[in-house]
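This report refers to the structure that appears directly beneath it.
All values derive from a computational prediction rather than experimental measurement.
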Amino acid sequence: MKTTKAAKSTPVKPVAKKAAKKAAQKATAASGKATGVAKKATATIKKAAAASKKAAPAKTAASKKAAPAKTVAKKAAPAKTVAKKAIVESHAALVRRARRINRELAEVYPYAHPELDFENPFQLVIATVLSAQTTDLRVNQTTPGLFAKYPTPEDLAAANPEEVEEILRPTGFFRAKTKSVIGLSKALAEDFGGEVPGRLEDLVKLPGVGRKTAFVVLGNAFGRPGITVDTHFGRLVRRWQWTDETDPDKVEAAVGALFPKSEWTMLSHHVIFHGRRICHARKPACGACPIAPLCPAYGEGETDPEKARKLLKYEKGGFPGQRLNPPQSYLDAGGIPAPPLGAG
């Protein structure tokens, strides 16, 4: 019986081995799956890391792009500083300061004059009309040819428009200007006997002539005081806080109330000369300005003296002026005549 039991028990061992093998295979499969999952997890982590690296430059770029905004804010600071210099003064104090500025400018520009070449009222009114939207230099380089061919109002009134247009082309808007100067000349010939009138109410009736042009003619051809409100004049009187008006007629009235009428014409020359030479629109040369202590806008431009001197123009900077035939006083002060058209 013992032998029989032993014989029966022997088959159990192979079954156990098979079971063990199956268990081992399952364990191996499980570990393989675990390894696969681990690999997938590792790949996911690597992808996430790569994505974060790619995102980093975007943040950096965004931060770099955002940086100039701070810089712009810093650059805007001087405007606030200038605004704080706004002064509150009585009318009497404003009059004193304005007149002192004019006296200072008279010492700086004793040779101030109209920067258009002319020999008579007719030439001056024509040159002033042509100076719109261009420089006095360009007008001075153009009018010698015009007046050589058409010396009187009668001559210009009878001119061929196409021939006049060719002469005036360098001044810009030459068709409109041709129409104005021919119409103006016809009005002078027909209504004023070929003479330029010496009254404001008559001048402003002429084609192309407004108050600014009329005051240029009255002040410089007839010796009758007038304030010329051009772009330089308007800019400077607002910087100096003489007025905050922007309309030329209102500027004229406000500034005229600060000065005796006898000073109006030379006041205009002083302010315009200063605006063209030192107190520029975009980069005023504050560090080289003789009236800096009186200016509420000091600091709006370059304050370093050496850098400011490099911004000076015309005779103040050692460069030619705008007139081909300037007054002797201008030449005596170191002024240089402008070159003819096409020279240099």
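- Taking the side chain to side chain donor-acceptor pair (under 3.5 Å) definition, one finds that Glu166 meets it with Arg169, sequence neighbours left out.
- Proximity of a side-chain donor or acceptor of Asn140 to a complementary backbone N or O of Gln322 within less than 3.5 Å is detected.
- Considering only heavy atoms from C-beta on, Leu294 comes within 4.5 Å of Arg100 through its side chain.
- Under a 3.5 Å cut-off, the side chain of Glu245 and the backbone N or O of Asp247 do not form any donor-acceptor pair.
- With rounding to the nearest 0.5 angstrom, the CD1 atom of Ile227 is 10.0 Å from the CZ atom of Arg211.
- In this structure, Val125 is a member of the same hydrophobic cluster as Leu168, with clusters built from ILVMFWY side-chain heavy atoms closer than 4.5 Å.
- The nearest pair of heavy atoms linking Gly208 to Ser180 is CA-OG, 4.2 Å.
- Between the side chain of His280 and the backbone N or O of Leu311 there is at least one donor-acceptor pair closer than 3.5 Å.
- Partners of Arg276 under the side chain to side chain donor-acceptor pair (under 3.5 Å) rule, at least two apart in sequence or in another chain, are Glu115, Asp136.
- In this structure, Glu252 does not pair ionically with Lys212, as no charged nitrogen and carboxylate oxygen lie closer than 4.0 Å.
- Clustering ILVMFWY residues whenever any of their side-chain heavy atoms sit less than 4.5 angstrom apart, transitively, puts Phe233 in a cluster other than the one holding Leu116.
- Without hydrogens or angle criteria, Ser268 side chain to Trp264 main chain gives a donor-acceptor distance under 3.5 Å.
- Annotation for Ala254 and Thr243: closest pair CB-OG1, 3.7 Å, computed over non-hydrogen atoms.
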Open item on the list: If you apply the rule side-chain contact (heavy atoms from CB on, under 4.5 Å), what do you find for Glu315 with Ile336, and how did you get there?
Closed with: CA-CA 7 Å; Glu315 76 283 355; Ile336 305 171; over 6 Å; no
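- Shown here for Val139 and Ser131, the closest heavy-atom pair between the two residues is CG2-CA, 3.5 Å.
- Arg235 contributes a side-chain N or O that, together with a main-chain N or O of Cys279, makes up a donor-acceptor pair within less than 3.5 Å.
- By the 6.0 Å contact criterion, CD on Glu201 is enclosed, its count of non-hydrogen atoms from other residues, nucleotides or ligands being greater than 12.
- At least one side-chain heavy atom of Ile291 sits less than 4.5 Å from a side-chain heavy atom of His274.
- Under the 4.5 Å side-chain criterion, counting only non-hydrogen atoms from C-beta, Leu324 is in contact with Gln141.
- In this structure the side chain of Lys316 never reaches within 4.5 angstrom of the side chain of Lys313, judged on heavy atoms.
- Under 3.5 Å, the side chains of Ser329 and Asp332 contain no donor-acceptor pair of N or O atoms.
- Contacts classified as ring-ring contact (aromatic ring centres under 6.0 Å, His included) and involving residues 306-338 (residues at least two apart or in different chains) are given here: Tyr111-Tyr330, His113-Tyr330.
- The ring-ring contact (aromatic ring centres under 6.0 Å, His included) analysis of residues 235-254, with sequence neighbours excluded, yields the pairs Trp240-Trp242, Trp242-Phe259.
- For the atom pair Asn160 CG and Thr178 OG1, the distance stands at 10.0 Å (nearest 0.5 Å).
- For the atom pair CG of Leu137 and CG of Leu341, the computed distance is 9.0 Å after rounding to the nearest 0.5 Å.
- In the displayed structure, Glu89 atom CD is contacted under 6.0 Å by more than 12 heavy atoms of other residues, nucleotides or ligands.
- With rounding to the nearest 0.5 angstrom, the CZ atom of Arg323 is 10.0 Å from the CG atom of Leu331.
- Taking each heavy atom of Ala288 and Ala308 in turn, the nearest pair found is N-CB, 3.6 Å.
- Summarising the local packing, CD of Gln133 is surrounded by 12 or fewer heavy atoms from other residues, nucleotides or ligands at distances under 6.0 Å.
- A distance of 9.5 Å separates CZ of Arg97 from CG of Leu258, quoted to the nearest 0.5 Å.
- In this structure a side-chain-to-backbone donor-acceptor pair under 3.5 Å is present from His270 to Met266.
- Both Phe192 and Val204 sit in one connected hydrophobic cluster of ILVMFWY residues. Membership requires side-chain heavy atoms under 4.5 Å apart, directly or through other members.
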Open item on the list: salt bridge (charged side-chain N to carboxylate O under 4.0 Å, His left out), that's the test. Do Glu300 and Arg239 meet it? Break it down for me.
Closed with: CA-CA 10 Å; Glu300 191 173 307; Arg239 273 183 180 169; 3.2 Å; yes
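- Side-chain contact between Val209 and Val129 is present, with heavy atoms from C-beta onward closer than 4.5 Å.
- At least one side-chain heavy atom of Ile278 sits less than 4.5 Å from a side-chain heavy atom of Tyr109.
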Got a list of side-chain donor-acceptor pairs under 3.5 Å for residues 213-225, not counting sequence neighbours?
{"from": "Asn220", "atom 1": "OD1", "to": "His269", "atom 2": "NE2", "distance (Å)": "2.8"}
{"from": "Asn220", "atom 1": "ND2", "to": "Val216", "atom 2": "O", "distance (Å)": "2.8"}
{"from": "Arg224", "atom 1": "NH1", "to": "Gly198", "atom 2": "O", "distance (Å)": "2.1"}

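- Looking at Asp244 and Arg238, no side-chain N of the basic residue comes within less than 4.0 Å of a carboxylate O on the acidic one, giving no salt bridge.
- Test Ile182, Val181, Leu156 against Tyr150 for side-chain contact (heavy atoms from CB on, under 4.5 Å) and you get one pass: Leu156.
- With Thr303 contributing its side chain and Cys286 its backbone, the two residues share no donor-acceptor pair below 3.5 Å.
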Open item on the list: Test side-chain contact (heavy atoms from CB on, under 4.5 Å) on Phe174 and Val164; report intermediate values, then the result.
Closed with: CA-CA 9 Å; Phe174 58 91; Val164 177; over 6 Å; no
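- Residue Ala338 comes nearest to Pro320 through the heavy atom pair CA-CB, 4.4 Å, listed as atom of the first residue, atom of the second, then distance.
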Task: Criterion side-chain contact (heavy atoms from CB on, under 4.5 Å) on Val271 and His232, from CA distance to verdict - done: CA-CA 7 Å; Val271 175; His232 303 288; 6.0 Å; no
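- The existence of a salt bridge linking Lys149 and Glu163 is confirmed by a sub-4.0 Å separation between a basic side-chain nitrogen and an acidic carboxylate oxygen.
- A donor-acceptor distance shorter than 3.5 angstrom exists from the side chain of Ser90 to the backbone of Ala93, with no hydrogens or angles considered.
- Nearest heavy-atom pair, Thr171 versus Lys177, reported as atom, atom and distance to 0.1 Å: O-NZ, 3.0 Å.
- The hydrophobic clustering, which links ILVMFWY residues whose side-chain heavy atoms are closer than 4.5 Å, places Leu200 and Val255 apart.
- For the pair Gln241/Ile87, a side-chain contact is recorded, criterion being any heavy-atom separation below 4.5 Å from C-beta on.
- Arg309 places no side-chain N or O within donor-acceptor distance of the main-chain N or O of Asp304, the cut-off being under 3.5 Å.
- Residues Leu124 and Phe273 are members of separate hydrophobic clusters, defined by side-chain heavy-atom contacts under 4.5 angstrom among Ile, Leu, Val, Met, Phe, Trp and Tyr.
- The distance from atom CZ of Phe122 to atom CG of Leu184, rounded to the nearest 0.5 Å, is 7.5 Å.
- Evaluation of the side chain to side chain donor-acceptor pair (under 3.5 Å) rule for Glu119 yields no partner, not counting sequence neighbours.
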